Structure formats: C-alpha cells, structure tokens
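Reading through the structure tokens given below for one structure.
Since this is a predicted model, take the numbers as computed values, not measurements.
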Amino acid sequence: MKVLILCGGQGTRLREETEFRPKPLVEVGQRPILWHIMKLFAHHGLREFVLCLGYRGKMIKDYFLNYEAMNNDFTICLGQRHSVTLHDAHEEQDFRVTLADTGEETMTGGRIQRAARYLDGDTFMVTYGDGVANVDITRLLAFHKSHGRIATVTAIRPYSRFGALEVDGADRVVNFAEKPQIEGWSSAGFFVFNRRLLDYLDGDSCILEREPLERLTQQGELMIYRHDGFFFAMDTYREYKALNDLWDSGQAPWKVWAK
C-alpha cells in the first residue's frame with residue numbers, strides 16, 4: 001500500500017525554520033520531521049511512500065539522493081574506477097520513496113491528483129508532512145476496511161490554545177482551566193482512501209479539506225477513526241521547540257519503532 005505525504009506547503013507560520021528549507025526537512029532530534037513520520041508507517045509494515053513536493057522540493061530530493069552516504073560510513077574510490085562501498089546498514093532498509101513534483105502553488109487535493117499515477121491497488125493513505133503521532137496504523141487500516149466507505153480520517157480531541165474561564169453572573173471567575181480539551185473532534189490527517197476519492201478531485205486548485213471532503217460527508221462516505229493518543233502538528237517555532245524538547249528528554253510518544 002502506498003502512503004502519500006503532502007510535502008509542498010511553504011510553512012509560513014514557521015518562517016524561522018522554513019525560510020531556506022521546506023517544513024518536512026525541519027529537524028526534530030537531528031532528523032527531519034518527515035523521517036519521523038515515515039518511521040511510524042514503516043513500523044506498521046508500510047514502506048512505500050510517494051512524497052508530493054512543491055516548495056523547495058529539490059532539497060527533499062537531495063536529502064534522499066544523499067541518504068546512503070549521509071547515514072552510513074563509506075569508502076570511495078576516486079578516478080576512472082570510481083566506486084563507493086557502504087559499510088554497516090541503517091535501519092531504513094527497503095524504503096521505496098517516489099519523489100513527485102506536484103507544483104509550487106498546487107493545493108492539497110491537486111497534489112494527490114498529480115501523484116495518482118504512482119498509486120496501485122484500491123486503497124492508499126495520505127497524511128501531512130508536519131505532524132507526528134502514535135496512531136496505530138494497523139488498527140486504522142482494519143477500521144477502514146470494516147466500514148467499506150470511501151474515506152477515513154483520523155480524529156483527535158484538540159486542546160484550546162488559551163485558558164478557559166467559567167464566570168458567574170457577577171463576573172467572578174469560578175473555574176479556570178489552562179488550555180482544556182475542547183469538545184468535538186478535529187482532523188489529524190492520517191487519511192485512508194479508496195481510489196474512488198480521485199473522482200472527487202478537480203485540478204491544481206482543489207483543496208482536499210474543502211469540496212472533496214464536504215461532498216464525501218454529504219454522501220455519508222467519510223468516517224472518523226478516533227485517536228485518543230498523542231498527536232502534535234509543528235506549525236510554529238514554539239511547537240518546533242516543544243517537539244525537540246520531548247525528543248531530547250527521551251519521552252517522545254511517537255517513537256513507537258523503538259519500543
């Protein structure tokens with residue numbers, strides 16, 4: 001099964017790190033956040049990836065073209081008998097990564113449509129290149145298969161960005177909760193789609209999260225997989241720091257491949 005990762009956005013809210021590199025290459029624990037996302041899927045047996053590139057996509061291509069040299073000791077023979085011998089073996093064996101240029105300004109639905117030629121089989125996954133989680137991908141796929149609809153989105157209970165106040169009629173605060181969990185559910189990405197999704201996509205300006213998912217909702221074809229575990233999207237410098245602090249502390253909940 002192929003996993004499409006949306007890697008084309010400009011990451012404008014994290015401009016401190018994305019001015020000169022795409023957000024999927026912003027590092028958490030000296031590894032691109034993209035690497036962390038791919039390691040989660042590989043832990044569940046999914047090692048075929050299609051990266052939908054846009055903003056500074058050539059840098060992501062360079063990262064993978066140089067991956068073997070950067071992650072192994074090697075011996076190089078210079079001259080006419082040029083050769084490179086790799087020593088040891090990194091843990092990302094058998095990852096198959098397709099790097100697809102999907103346009104500088106293309107929207108999320110358009111990127112999937114452009115990369116569709118690399119899909120095979122009836123089912124594929126899609127997620128964003130800036131969010132880490134400890135989603136049980138195996139259970140997610142089993143849930144998707146069980147209901148038979150076109151689409152499944154992983155849903156989380158979000159937390160408020162601000163403290164919540166409960167106030168009485170005299171404007172006296174009777175309860176204060178620092179960034180409480182909000183009622184309802186929000187999308188965390190980690191989508192599972194049937195190929196029929198492609199019929200809902202319409203050109204580079206197509207935004208997956210708008211018309212396609214709205215139509216699927218109206219038709220009863222979108223289901224949610226409830227994820228009560230860890231999820232964290234890296235949108236700002238503060239969130240970048242928080243993820244690195246978790247990694248450095250040895251308490252990164254998304255590092256399921258090492259447990």
Side-chain angles (χ1 to χ4, degrees), residues 1-11 14-104 106 111-112 114-121 124-132 137 234 240 243-250 252 254-259:
M1 182 183 299
K2 297 290 179 63
V3 180
L4 272 68
I5 304 180
L6 299 170
C7 299
Q10 295 190 13
L14 188 57
R15 186 55 74 186
E16 299 93 335
E17 293 294 322
T18 59
E19 184 71 32
F20 303 107
R21 57 179 167 176
K23 186 156 59 164
L25 289 187
V26 173
E27 293 186 346
V28 175
Q30 299 183 327
R31 294 277 196 169
I33 192 169
L34 175 61
W35 178 89
H36 294 261
I37 297 166
M38 295 169 73
K39 291 285 282 187
L40 170 66
F41 285 101
H43 177 69
H44 290 274
L46 278 67
R47 292 181 169 84
E48 294 197 37
F49 303 94
V50 179
L51 308 186
C52 301
L53 307 181
Y55 174 71
R56 297 194 182 276
K58 290 182 179 179
M59 295 183 70
I60 299 178
K61 288 185 175 182
D62 285 341
Y63 174 77
F64 285 99
L65 284 170
N66 294 306
Y67 196 89
E68 297 299 332
M70 294 298 103
N71 290 277
N72 284 300
D73 291 348
F74 64 89
T75 299
I76 184 168
C77 180
L78 304 179
Q80 292 184 346
R81 297 184 180 181
H82 173 78
S83 66
V84 176
T85 303
L86 300 173
H87 306 292
D88 305 317
H90 56 68
E91 295 181 356
E92 292 70 60
Q93 299 298 310
D94 302 321
F95 279 34
R96 186 177 177 86
V97 187
T98 299
L99 296 112
D101 284 317
T102 56
E104 189 84 11
T106 308
R111 294 192 189 283
I112 296 170
R114 283 203 185 197
R117 61 186 174 133
Y118 299 112
L119 298 175
D120 47 36
F124 63 97
M125 294 195 67
V126 174
T127 198
Y128 304 105
D130 62 359
V132 291
I137 302 296
M234 186 180 64
Y240 157 77
L243 283 176
N244 274 280
D245 288 345
L246 278 172
W247 184 269
D248 292 342
S249 72
W254 68 91
K255 193 180 178 183
V256 296
W257 57 89
K259 296 179 182 179

Spatial distance of atom CD (E48) from atom CG (D94) [nearest 0.5 Å]: 10.0 Å
Flag side-chain contact, heavy atom, 4.5 Å: F41 against T127: yes
R111 and T102: side chain donor to acceptor below 3.5 Å: yes
Residue pair Y55 / F20: nearest heavy atoms and the distance that separates them: OH-N, 4.5 Å
Taking every non-hydrogen atom, the tightest pair across F64 and M38: CZ-SD, 3.8 Å
R96 side, atom CZ; R47 side, atom CZ - distance, nearest 0.5 Å: 14.5 Å
Atom pair CG/CG of L53 and D101 - distance to nearest 0.5 Å: 5.5 Å
Donor-acceptor pair, side chain of R56 and main chain of E19, under 3.5 angstrom: yes
Side-chain donor-acceptor distances from residues 72-79 under 3.5 Å, at least two apart:
from	atom 1	to	atom 2	distance (Å)
N72	ND2	E68	O	3.2
N72	ND2	E68	OE1	3.2
T75	OG1	H87	NE2	2.7

Neighbour count >12 (heavy atoms, 6.0 Å) for atom CD, Q93: yes
Criterion side chain to side chain contact (heavy atoms under 4.5 Å, CB included) on I112 and F124, from CA distance to verdict: CA-CA 11 Å; I112 296 170; F124 63 97; 4.3 Å; yes
Let me check something: any side-chain donor-acceptor pairs from residues 25-37 under 3.5 Å, sequence neighbours excluded? List them with distances.
from	atom 1	to	atom 2	distance (Å)
R31	NH1	Y67	OH	3.4
R31	NH1	N71	OD1	2.8
W35	NE1	Y67	OH	3.2
H36	ND1	W254	NE1	3.0
H36	NE2	V28	O	2.7

Gap between atom NZ of K255 and atom NE2 of H43 - 0.5 Å precision: 13.0 Å
Flag, side chain of K39 to backbone of W257, donor-acceptor distance under 3.5 Å: no
Reported NZ-to-CG distance for the pair K2 and L46, which is rounded to 0.5 angstrom: 11.5 Å
Pairwise side-chain contact, R114 with C52, heavy-atom cut-off 4.5 Å (strictly under): no
Atom pair CG/CD1 of D130 and I5 - distance to nearest 0.5 Å: 11.0 Å
